[in-house]
Amino acid sequence: MKVRVRYAPSPTGHLHIGNARTALFNYLFAKRHGGDFIVRIEDTDIERNVETGIESQLSHLKWLGIDWDESVDKPGEHGPYRQLERLEIYQQYAETLIEKGLAYKCYCTSEELAEEKEALKKAGHDKLHYSRKCLGLPDQDKPHTIRFKVPDKTEYTFNDLVKKAVTFKSEDIGDWVILKRNKIPTYNFACAVDDHLMEISHILRGEDHITNTPRQLMIFDAFSWERPTYGHMTLIVNENHKKLSKRDESIIQFIEQYKNLGFLPQALFNFIALLGFSPKSDDEILDKAELIGLFDESRLSSSPAMFDKEKLHFINNRHIKKLSDEALLELCLPYLNKAGIGKDETDDWFESLIKVFKDRLVYGAQIVELYRDFFEHPFKIEEEALTFIQQDGVRNLLETFKSKLEQAENIDPDTIKSHIKAAGKETDMKGKMLFMPIRISVSGTMHGPDLPQMMNLMGKKILIDRLDKTIGMI
RNA sequence: GGCCCGUUGGAGAAGCGGCUUAACUCACCAGCCUUUCACGCUGGCAUUCACGGGUUCGAAUCCCGUACGGGUCACCA
């Protein structure tokens with residue numbers, strides 16, 4: 001049987017990190033097993049559909065490097081791929097279920113149902129199941145839903161790819177709606193019907209779907225269809241161990257936001273693939289091809305995956321370091337331009353700027369912050385640095401160096417280096433006692449990028465000014 | 001509350017009955033490299049796997065219970 005998997009988003013907004021993970025693992029699974037990856041649009045909630053939802057979902061998947069074999073823009077033999085275009089199909093299958101006596105029409109209004117539930121709750125019941133009072137009623141010409149008649153005393157056991165054997169009992173599930181009053185199917189019904197019709201072999205989805213599985217299994221069984229294999233991936237949780245919620249502001253949640261900040265798609269792909277999965281590899285910096293080769297569904301984790309921002313930053317930085325200088329400049333340039341940095345500078349200037357910060361850059365937009373920290377912010381010396389420059393000879397060194405700088409025609413990195421050397425010789429300072437005071441005097445801190453490069457970028461005026469200020473503080 | 005799931009170092013996370021005196025990564029510390037910084041490299045960092053009982057010659061790994069955390073209970077997906 002051919003491996004066919006699907007990612008089934010509802011077009012209610014932008015691509016969320018959790019959905020991206022679902023898509024990514026299905027993609028990895030398909031590619032690993034030489035199967036097909038399908039994107040099906042589950043737009044049966046007409047209230048919540050967003051106009052640009054589909055386009056946004058698809059374009060961001062593409063940006064991440066995930067492509068598909070069949071979808072709305074690339075029809076295969078199992079279309080249509082939007083559920084709203086498949087309405088007659090679901091209606092027909094629902095009708096069949098009624099004919100078989102496995103489903104029935106329900107004329108209850110939402111108000112009635114709410115009251116019923118309230119009464120059960122008051123009576124202390126845990127299971128707030130539908131009373132079945134419409135079961136067996138003669139056909140009426142009234143608006144109605146169609147409910148699935150849940151079988152008595154049946155166990156639904158499936159061998160989950162991640163959780164292993166999972167069992168649900170039918171008595172824990174009440175008769176549920178398969179076709180809404182507006183003739184549109186509910187999620188569980190449409191999903192099961194489509195998974196069968198589209199010949200989906202494996203379903204990898206978030207653990208929040210695990211309680212939906214028995215309902216979908218009921219549909220498969222009702223039609224005697226072959227059940228697909230399910231795998232429920234752990235939830236992604238935040239530092240408080242809570243499911244990532246779209247309203248959680250402590251974590252950036254949408255792929256688009258990462259894209260806008262200048263994160264790299266290959267890094268995001270790498271990071272997301274490690275959310276609930278650990279490849280049999282010591283190295284964690286992996287590209288798409290490596291990840292496909294390493295993917296193994298038996299290594300999906302069953303305990304929650306923590307969204308570790310630090311790790312994302314680390315991974316992105318590692319991928320940035322792999323970029324060529326040209327590619328990195330291309331990534332950073334829009335942010336610099338927008339911030340008005342380097343308006344009158346040459347290409348060379350930009351190139352050295354990129355070189356100077358490449359090692360520590362976490363994401364594209366950060367270049368602005370880094371630049372400002374070192375070049376624009378009011379000059380001030382950190383405490384530990386201030387202590388350092390109080391040592392003997394520092395003042396003399398800085399004054400010597402400053403006078404050389406003042407006379408210098410140009411301040412390219414090599415020239416600066418030779419002036420540092422000369423100043424060291426004249427004042428008998430070397431090693432850390434030579435470089436560190438100069439570093440501090442121009443940046444205010446004991447840690448930073450390559451010294452001559454950084455000084456060249458700063459320009460003579462700023463350098464002299466900072467040197468003066470530092471000397472004044474000794 | 002019912003049903004489902006989870007609990008390993010400062011953090012992420014492997015291991016799922018003997019090969020583990022618990023891999024790997026981040027962070028941190030030390031050393032090396034570099035006339036500074038950063039990069040890189042090397043080493044250090046859990047005698048212990050939520051807790052209590054049990055099974056076993058042997059348990060982080062299996063079973064039971066407790067605690068804590070989470071998910072889910074829609075005419076949403």
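Just so you know, these numbers come straight off a predicted model, no measurement behind them. Letters go in sequence order (proteins before strands), and every chain restarts at 1.
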> Angle class for the A/Phe37/A/Tyr7 ring planes (parallel below 30°, perpendicular above 60°, tilted otherwise)?
Replying inline: parallel

> Between A/Thr186 and B/C76, is there a side-chain N or O to OP1/OP2 distance below 4.0 Å?
Replying inline: no

> Any donor-acceptor pair under 3.5 Å joining the side chain of A/Asn212 to the base of B/A77?
Replying inline: yes

> According to a strict under-4.0 Å criterion, is A/Ser278 in side-chain N/O contact with OP1 or OP2 of B/A14?
Replying inline: yes

>> Need one value for A/Ala8: base, sugar-phosphate or nothing, where a base atom within 4.0 Å counts as base even if backbone is also close, heavy atoms only.
In response: nothing

> Does the distance from a Lys or Arg side-chain N to an Asp or Glu carboxylate O, for A/Glu290 and A/Lys288, drop under 4.0 Å?
Replying inline: no

> How far does the C1' atom of B/G15 sit from the matching atom of B/G70, given to the nearest Å?
Replying inline: 23 Å

> According to a strict under-4.0 Å criterion, is A/Arg360 in side-chain N/O contact with OP1 or OP2 of B/C39?
Replying inline: no

> What is the pairing partner of B/U48, taking Watson-Crick or G-U wobble pairs with both distances under 3.5 Å in any strand?
Replying inline: none

>> Taking B/C76 as the reference, what is the distance to B/C62 when you measure between their C1' atoms (whole Å, please)?
In response: 40 Å

> Are OP1 or OP2 of B/G2 and a side-chain N or O of A/Lys127 less than 4.0 angstrom apart?
Replying inline: no

> With a non-hydrogen cut-off below 4.0 angstrom, is A/Lys183 in contact with a base, only sugar-phosphate, or nothing?
Replying inline: nothing

>> Any N or O donor-acceptor pair under 3.5 Å from the base of B/U35 to the side chain of A/Lys432?
In response: no

>> Within the 4.0 Å heavy-atom criterion, would you say A/Thr167 contacts the bases, only the backbone, or no part of the nucleic acid?
In response: sugar-phosphate

> So does A/Thr44 get a side-chain nitrogen or oxygen closer than 4.0 Å to the phosphate oxygens (OP1/OP2) of B/A77?
Replying inline: yes

> Can A/His209 be classed as stacking with the base of B/G71, given a centroid separation cut-off of 5.5 Å and a plane angle cut-off of 30°?
Replying inline: no

>> Is the distance between the ring centroids of A/His60 and A/Tyr258 under 6.0 Å?
In response: no

>> Looking at A/Lys180, I'd like to know whether one of its side-chain N or O atoms comes within less than 4.0 Å of OP1 or OP2 on B/C76.
In response: yes

> Any side-chain N or O of A/His241 less than 4.0 Å from the OP1 or OP2 oxygen of B/G70?
Replying inline: no

> When the C1' atoms of B/C32 and B/C39 are considered, how many whole Å apart are they?
Replying inline: 14 Å

> Step by step, would you call A/Asn456 with A/Asp412 a side chain to side chain donor-acceptor pair (under 3.5 Å)?
Replying inline: CA-CA 5 Å; A/Asn456 168 244; A/Asp412 61 75; over 6 Å; no

> Is the gap between the ring centers of A/Tyr363 and A/Phe263 under 6.0 Å?
Replying inline: yes

> Can you tell me if the side-chain N/O atoms of A/Lys311 get under 4.0 Å from OP1 or OP2 in B/A13?
Replying inline: no

>> Need the pair for B/C73. Rule: Watson-Crick or G-U wobble, both distances under 3.5 Å, any strand; none if unpaired.
In response: B/G1

> Which comes earlier along RNA chain B counting from the 5' end, the contact point of A/Asp283 or that of A/Ser303, where each point is its nearest nucleotide?
Replying inline: A/Ser303

